[in-house]
Amino acid sequence: TSFDDEAKALGTVVDNLGTVTKDDLATRGPAVFALADGGVTAPQKNLSGWVLLHVTKITPAINKTFEDEKADITKSVTAQLAQAKLNDIANAYTDANSGGLDLLDAGKKVGMKTGHLAAVDANGLAPDGSKTPAADDPDVLKQIFAAEVGEDGDPFTTKDGKLYVIKVNGQIPPKLK
């Protein structure tokens with residue numbers, strides 16, 4: 001009987017952890033990595049109770065040199081530094097805004113670019129039907145229509161890594177065309 005068939009017969013759920021390393025399994029790692037392909041551990045204590053771990057495939061380790069990983073490491077560190085810089089700017093903006101500066105002045109003080117949309121609908125279009133810059137980013141549109149009228153919004157980062165603060169000055173009621 002296969003491991004999966006036996007689990008089904010017992011009415012238990014089989015979770016596939018995918019490819020894991022010894023470190024991923026914490027204290028259960030040595031028991032799993034001592035097994036051959038197709039092996040099953042003795043019962044192991046887990047946060048939610050006792051589990052059996054079944055090895056379905058062994059993938060040999062790959063040793064890479066620093067030169068092999070240099071580009072990925074550089075990209076990762078650069079992304080982390082950029083995110084930290086955005087967090088610093090967001091915090092500086094929040095401090096300036098909380099200190100009494102309005103959105104424009106607080107944004108300029110911390111080095112943020114400022115812009116203004118005269119009007120935009122939920123599709124990102126201006127009243128004349130032309131496409132606005134907000135049409136390209138659904139995160140920005142969502143924040144525009146979730147904002148309180150007249151309130152300086154909190155800083156937020158979009159999925160593409162841009163930092164925004166939004167203030168909606170008013171709403172135009174819908175009308176028939």
Side-chain angles (χ1 to χ4, degrees), residues 13-33 44 46-48 51 53-126 130-169:
V13 177
V14 175
D15 289 328
N16 184 350
L17 300 178
T19 303
V20 295
T21 65
K22 192 182 286 189
D23 293 338
D24 293 335
L25 298 174
T27 58
R28 296 180 307 278
V32 172
F33 278 79
Q44 301 282 314
N46 194 4
L47 294 174
S48 59
V51 296
L53 297 160
H54 176 233
V55 176
T56 57
K57 182 180 178 187
I58 297 174
T59 306
I62 299 172
N63 291 325
K64 293 184 179 181
T65 66
F66 174 73
E67 291 303 319
D68 293 339
E69 295 295 315
K70 186 176 181 179
D72 289 339
I73 292 169
T74 301
K75 184 178 178 180
S76 175
V77 169
T78 302
Q80 290 173 7
L81 291 172
Q83 186 58 51
K85 181 67 174 170
L86 283 176
N87 290 342
D88 291 345
I89 291 170
N91 290 336
Y93 167 82
T94 301
D95 290 345
N97 188 248
S98 298
L101 294 178
D102 66 6
L103 183 142
L104 290 175
D105 293 334
K108 286 179 184 174
K109 180 178 180 180
V110 301
M112 295 174 81
K113 293 180 182 177
T114 59
H116 180 265
L117 288 175
V120 64
D121 68 9
N123 297 316
L125 302 177
S130 63
K131 188 175 172 183
T132 67
D136 296 331
D137 198 330
D139 292 337
V140 173
L141 281 175
K142 181 180 174 185
Q143 291 290 330
I144 288 172
F145 287 93
E148 294 289 327
V149 175
E151 298 291 322
D152 290 349
D154 293 326
F156 68 94
T157 306
T158 59
K159 290 177 187 158
D160 63 354
K162 295 178 182 173
L163 178 69
Y164 288 92
V165 180
I166 291 175
K167 179 178 183 178
V168 175
N169 294 326

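Since this is a predicted model, take the numbers as computed values, not measurements.
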Colleague: Tell me, do Tyr93 and Leu103 make a side-chain contact under 4.5 Å, heavy atoms counted?
Modeller: yes
Colleague: For the residue pair Asp24 and Thr21, confirm or rule out a side-chain donor-acceptor distance under 3.5 Å.
Modeller: yes
Colleague: Distance check, rounded to the nearest 0.5 Å: Gln83 atom CD versus Asp88 atom CG?
Modeller: 10.0 Å
Colleague: Got Leu17 and Leu53 here, is their nearest side-chain heavy-atom distance under 4.5 Å?
Modeller: yes
Colleague: Between Thr132 and Ala119, what is the shortest heavy-atom contact and its length?
Modeller: CG2-O, 4.1 Å
Colleague: Under the rule for side chain to side chain donor-acceptor pair (under 3.5 Å), what residues qualify as partners of Gln44, not counting sequence neighbours?
Modeller: none
Colleague: Step by step, work out the side chain to side chain contact (heavy atoms under 4.5 Å, CB included) result for Leu81 and Lys85.
Modeller: CA-CA 6 Å; Leu81 291 172; Lys85 181 67 174 170; over 6 Å; no
Colleague: Which residues satisfy the salt bridge (charged side-chain N to carboxylate O under 4.0 Å, His left out) test with Asp136, sequence neighbours excluded?
Modeller: Lys131
Colleague: State, to 0.1 Å, how close Lys22 and Pro30 come at their nearest heavy-atom pair, and which atoms those are.
Modeller: CG-N, 4.1 Å
Colleague: Write down the atom of Asp121, the atom of Phe145, and the distance for their closest heavy-atom approach.
Modeller: C-CZ, 3.4 Å
Colleague: Would you name the heavy atoms of Gly161 and Leu86 that are closest together and state the gap between them?
Modeller: O-CD1, 3.1 Å
Colleague: About how many Å separate CD1 of Ile73 and CZ of Phe66, when rounded to the nearest 0.5 Å?
Modeller: 5.0 Å
Colleague: Are the side chain of Asp68 and the backbone of Thr65 linked by a donor-acceptor contact shorter than 3.5 Å?
Modeller: yes
Colleague: Given Asn97, which of Asp152, Asp154, Val165 fulfils the side chain to side chain contact (heavy atoms under 4.5 Å, CB included) condition?
Modeller: Asp152
Colleague: Report the C-alpha separation of Gln143 and Asp139 in whole Å, then their side-chain angles, then the decisive distance to 0.1 Å, and conclude whether the side chain to side chain contact (heavy atoms under 4.5 Å, CB included) test is met.
Modeller: CA-CA 6 Å; Gln143 291 290 330; Asp139 292 337; 5.7 Å; no
Colleague: Looking at Leu141 and Ala122, what are the two nearest heavy atoms and their distance?
Modeller: CD1-O, 3.7 Å
Colleague: Do Val140 and Ile144 make a side-chain contact, defined as non-hydrogen atoms from C-beta onward lying under 4.5 Å apart?
Modeller: yes
Colleague: Please determine whether the number of non-hydrogen atoms from other residues, nucleotides or ligands lying under 6.0 Å from atom NZ of Lys109 exceeds 12.
Modeller: no
Colleague: Counting distance only, does the side-chain N/O of Thr94 pair as donor-acceptor with the main-chain N or O of Ala90 below 3.5 Å?
Modeller: yes
Colleague: Kindly give the heavy-atom pair with the smallest separation between Val120 and Ala134, and that separation in Å.
Modeller: CG2-CB, 4.4 Å
Colleague: Would you kindly say whether Thr158 and Asp160 are connected by a side-chain donor-acceptor distance under 3.5 Å?
Modeller: yes
Colleague: So do Lys70 and Thr74 actually touch side chain to side chain, heavy atoms under 4.5 Å?
Modeller: yes
Colleague: Indicate every side-chain donor-acceptor pair of residues 110-117 with a distance under 3.5 Å to a residue at least two apart or in another chain.
Modeller:
none

Colleague: How long is the span from the NZ atom in Lys159 to the CG atom in Asp137, to the nearest 0.5 Å?
Modeller: 9.0 Å
